[in-house]
Amino acid sequence: AFLYPQTGYKSLCTANLPNLFDSETSENNPSKYFDVLTFTGTGNSTTNTETRLGFQPDLLWFKKRNGTMSHVIYDAIRGTSNALRSDVDNAQSAFGNAVVTPTSAGFTITGSNTSGLNGSGEKMVGWFWDAGTAATTPSSSYDITPDAQWVNATAGFSITKYEGNGSADQQIPHGQAVKPEFAVIKKITDSGNGGSWMTKHVSLPANNIISWDNPEAANADSMWYGIFKDHPDQATVKVSTNSDSRHTNESGVDYIMYCWAPIKGFSHFGSYTGNDTTNGPFVYTGFKPRWIMIKNST
């Protein structure tokens, strides 16, 4: 080790690890595609207008911080009044009568009963993703042609809506040119049976999934096996039918799919093993994360 590095070299420390996402260019500034905001509700029947994002959000995820409330999720495809809740397998539905409308620099929340999103004095947090400037034309070269799709290639994020056909081993395009490492499928219409949040992650064994609304470990038992058949490939995501096909490919039922691909300096997906000590594992992401999601897989 050198107290003073030789000419042309740097000290070995985390401050000198490379951040490969060039935040100096307008195209690749991470805050142009994702951000986190906290805000306080202004009261039911009072419009809450937020303009601090600086981009139009296409995936909007809200959580109340000073009281009990489900995580509530909206997106550009499903519309401004259709909420999904990450802790339950329910179909989409209105959250009170809240209307969440994306704007060019943020969003508005309106409605005469918006408690949980905009009640007076409610402390909120929101996570927001940009899925591109406009809807794309989904590819029809696969088993299932999506009904709608938004793609942000720079940020490695896409939103896809499709209708299940009830057939086995079906391919659905996710719209990105690179392989996703984190993908979620959720049933959004309900024909009598709910649908779990079927989640595939690059770190999981083949044919294993995790469900957001289920505290169980990743598994591939008879209920889950084959629903998210393989790790998403270069151009498609596969879904299957089995004894519980309602979760990803029930015939005539609508689904939403969120896919994230790794972008250096912007997003990272990995795993670690806990060591039960005060000096826990170090996970190198290549950048300072703005948002972290952790789920026990075992």
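Here the structure is a predicted model, which is why all the values come from computation and not from measurement.
Rounding to the nearest 0.5 Å gives a distance of 11.0 Å between CG of Leu84 and CG of Asp213. In this structure, CZ on Phe107 lies 9.0 Å from OG1 on Thr49, to the nearest 0.5 angstrom. Atoms CD and CE, from Glu122 and Met69 in turn, are 8.0 Å apart once rounded to the nearest 0.5 Å. A distance of 7.0 Å separates CD in Glu163 from OG in Ser251, rounded to the nearest 0.5 Å. Atoms SG and CD, on Cys259 and Gln149 in that order, are 8.5 Å from each other to the nearest 0.5 Å. Atom OG of residue Ser115 and atom NZ of residue Lys64 lie 7.0 Å apart, to the nearest 0.5 angstrom.
Side-chain N/O atoms of Asn48 and Thr108 include no donor and acceptor closer than 3.5 Å. In this model, no donor atom of one side chain and acceptor atom of the other lie less than 3.5 Å apart for Thr38 and Lys123. A donor and an acceptor atom, one from each side chain of Asn279 and Thr277, are nowhere located under 3.5 Å apart. A donor-acceptor contact under 3.5 angstrom links the side chains of Ser70 and Asp87, judged on distance only. Looking only at atom types and distance, the side chain of Tyr258 has a donor-acceptor partner in the side chain of Asp75 under 3.5 Å away. Between Thr46 and Asn118, the side chains place no donor N or O within less than 3.5 Å of an acceptor N or O (distance only, hydrogens not considered). In this structure, a donor-acceptor pair under 3.5 Å is absent between the side chains of Trp150 and Ser158. Side-chain polar atoms of Ser93 and Arg85 form a donor-acceptor pair below 3.5 angstrom.
Side chain of Asp143 to main chain of Ile172: no donor-acceptor pair is present (N/O by atom type, distance under 3.5 Å, no hydrogens or angles). Between the side chain of Lys186 and the backbone N or O of Asp89 there is at least one donor-acceptor pair closer than 3.5 Å. Looking only at distances, a side-chain donor or acceptor of Ser139 sits under 3.5 Å from a matching main-chain atom of Ser141.
Classified by interplanar angle (parallel below 30°, tilted 30° to 60°, perpendicular above 60°), the ring pair Phe269/Phe182 is tilted. Note on ring orientation: taking the six-membered ring where Trp is involved, the planes of Phe266 and Tyr33 are perpendicular (angle over 60°, cut-offs 30° and 60°). Between Phe34 and Trp129, the ring-plane angle classifies as tilted under the 30° and 60° cut-offs.
In this structure the side chain of Gln170 reaches within 4.5 angstrom of the side chain of Asn165, judged on heavy atoms. Looking at Leu117 and Met124, their side chains come closer than 4.5 Å, going by heavy atoms from C-beta outward. Side-chain contact between Thr248 and Tyr162 is present, with at least one heavy-atom pair separated by less than 4.5 Å. Counting heavy atoms from C-beta on, the side chains of Thr199 and Ile209 never come closer than 4.5 Å. Using a 4.5 Å cut-off on side-chain heavy atoms (C-beta onward), Val184 and Met257 make no contact. A 4.5 Å side-chain heavy-atom check between His268 and Phe287 finds at least one atom pair inside the cut-off.
Salt bridge annotation for Lys32-Asp130: absent, with no cationic side-chain nitrogen under 4.0 angstrom from a carboxylate oxygen. A salt bridge links Lys161 and Asp254; the closest N-O separation between the charged side-chain nitrogens and carboxylate oxygens is under 4.0 Å. Salt bridge annotation for Glu50-Arg52: present, with a cationic side-chain nitrogen under 4.0 angstrom from a carboxylate oxygen.
No close placement of the Trp260 and Trp291 rings is indicated, their centers lying 6.0 Å or farther apart. In this structure, Tyr74 has its ring center no closer than 6.0 Å to that of Phe128.
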**Prompt:** Going through the distances and angles, do Ile188 and Arg78 end up as a side chain to side chain contact (heavy atoms under 4.5 Å, CB included)?
**Reply:** CA-CA 9 Å; Ile188 59 175; Arg78 295 183 299 104; 3.8 Å; yes

**Request:** Would you sort out whether Ile185 and Val239 count as a side chain to side chain contact (heavy atoms under 4.5 Å, CB included), showing the intermediate values?
**Result:** CA-CA 9 Å; Ile185 292 177; Val239 297; 3.5 Å; yes

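Alongside Leu204, the hydrophobic cluster contains Ile210 (criterion: ILVMFWY side chains under 4.5 Å). In the hydrophobic clustering, where aliphatic and aromatic side chains (Ile, Leu, Val, Met, Phe, Trp, Tyr) are joined below 4.5 Å either directly or transitively, Val283 groups with Tyr272, Ile292, Ile294.
Exactly one residue among Phe62, Trp197, Trp127 makes a side-chain contact (heavy atoms from CB on, under 4.5 Å) with Ile73. That residue is Trp197.
Under the 4.5 Å side-chain heavy-atom criterion for grouping Ile, Leu, Val, Met, Phe, Trp and Tyr, Leu37 is connected to Val100 within one hydrophobic cluster.
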